[in-house]
Amino acid sequence: MTDASILTARRATLRARLAALGVDRGTVAFPGNGESPMNYRDNAYPFRQDSSFLYFFGLSRPDLAAAIELESGHSAVYGDEGDLDDIIWTGPLPSLASAAEAAGIGTVKPRAAFAPDLGKAGTAHWLPPYRADTLHELAAALGMAPDAVNSSASLPLVKAIVGMREIKDDAEVAELEKAVGITVAMHKAALAAAKPGMTEAAVAAIVTREAISGGGGLSFPVIATTRGAILHNHDHSRVLAEGGLFLLDAGAETVSGYAGDLTTTFPIGRRFDSRQREIYDIVLSAGEAGCAAAKPGRPFLEAHLAAARAIAVGLASLGIMRGDPDDAVAAGAHALFFPHGLGHQLGLDVHDMENLGERHVGYDGAGRSEQFGLSALRLGKALKPGMVHTVEPGIYFIPELIARWKSERKFETYIDYAAVDRYAGVGGVRNEVNRLVTAVGGRTLGPAFDKSAAAIEAARG
Ligand code: GLY
Ligand code: MN
């Protein structure tokens, strides 16, 4: 668990940031997560604490809540000590009082006191809930209709927390390095083991084993697919066939909750064919352009556009695109091949803080562009030293999208559809790295992992 001194300092900083935003009265409420049933109450998904709760209170056990009184700065945690009935099933756990003390919180109250205390607080401040249980508890405690709980969530609280969590301190960077290290091991295991004739599920199992061996688990459901053109394909039923590409998008979560998120694309056989290799190299060049443009003080939107431009230039060299690459990117023609965003922030969530609302997490209060492609960019705002984000360009030949655009003769000035058809068999290629923004630029987190086509082929034996 994070040191009490760090957690106490974070709570004090939150209070100071809220005061600077004109909020210095009332109670900030942090309902923690409970168990989440899969198919009946006692068969739950693996427990995952809310990330802001972890960040400020450090306690990862179900059915807790916490509060900070803004006038006094006093923090309390709400929860119940296990009794003998619980111990029979869970074994003895450290007492909640000692866990709270280790988090620098002196006051522990029964869990049932949270809602009445919140109801009595003169003013309450809360984050928009993303689980129904939390929504209903807050609605009952605050005497509000469930719909009103989200719309009345505290914008200053969102802004204050985004401003804190988006800058990772040294201990957090060390945890992220660890998460990316386990994630690299997951990807190297797949590179070494995936063979024609195996199922996608068998590769997913190898990757999952590495994540669990790291002590934590997966940071999101594994994408291990022979159909890389389906962006978030969680189906693992296909058999790996010689000549195709395999796309692995998978990451580990450390015991403390920090996420890694990498994507690797490799030939199912030992070598890329010439078209696969051409597309692969363009994706790598787009990643390099994106990383070079992701600098402190510059909007991440610029990095996205730099990667898009590299894709337009690269595809033009193959005759797939044509015309001026800047004009093509400005028009959005490249999005036929790169319809998603270049990246997102990474931290205690794999899409860090996405539950706090993208306007402030990704856009400093503005919003996404509505242009196809840019409309899928989760992060557009200026970068600051200490931010951690992904860079994950891809090129995809999505049959349904190509058929639609072709039938509409869309962007024919920039796209040669006959050439597109010649490359359609490549399917999908994505490459993803995790980056820390530094004072002068950025650096890739985790151990060295050479993604050059030659290194990938060497890893395939
Ligand atoms: N790795 C999955 C995603 O970034 O959406
Ligand atoms: Mn990602």
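Read the numbers this way: they start at 1 and go in the same order the structure lists the ligands and their atoms. Numbers here simply count residues along the sequence, with the first being 1.
Every atom of ligand 1 with a heavy atom of Glu392 under 4.0 Å away is listed here by number and element: 4 (O). Near Phe220, the atoms of ligand 1 lying under 4.0 angstrom from a non-hydrogen atom of the residue are 1 (N), 2 (C).
Ranking the protein heavy atoms by distance from atom 3 (C) of ligand 1 puts His351 NE2, 3.1 Å first. In terms of protein heavy-atom proximity, atom 2 (C) of ligand 1 is nearest to Asp249 OD2, 3.5 Å.
When each of Tyr417, Trp405, Phe372 is paired with Phe411, the ring-ring contact (aromatic ring centres under 6.0 Å, His included) condition holds for Trp405 and for no other.
At a cut-off of 2.8 Å, Glu432 coordinates the Mn ion (ligand 2) through an N, O or S atom. Among the backbone and side-chain atoms of His351, none of the N, O or S atoms lies under 2.8 Å from the Mn ion (ligand 2).
With hydrogens and angles left out, the side-chain atoms of Ser237 and Glu200 include no donor and acceptor closer than 3.5 Å. Judged purely by distance below 3.5 Å, without hydrogens or angles, the side chains of Thr199 and Arg238 never pair a donor atom with an acceptor atom.
Residue-level check: among N/O/S atoms of Glu392, OE2 sits closest to the Mn ion (ligand 2).
In terms of heavy-atom proximity, Tyr280 sits nearest to Thr265 at CE1-O, 3.3 Å. Nearest heavy atoms, His340 versus Glu392: CE1-O, 3.0 Å.
Between Glu358 and Arg368 there is a salt bridge, since a side-chain N of the basic residue sits under 4.0 Å from a carboxylate O of the acidic one.
One finds an angle of 90° at the Mn ion (ligand 2) between OD2 on Asp261 and NE2 on His344, to the nearest 10 degrees.
Closest heavy-atom approach to atom 4 (O) of ligand 1 among the candidates His344, His340, Arg430, His232: His344.
For Arg11 and Phe56, the positive end is not near the middle of the six-membered ring at less than 6.0 Å and at most 45° from its axis.
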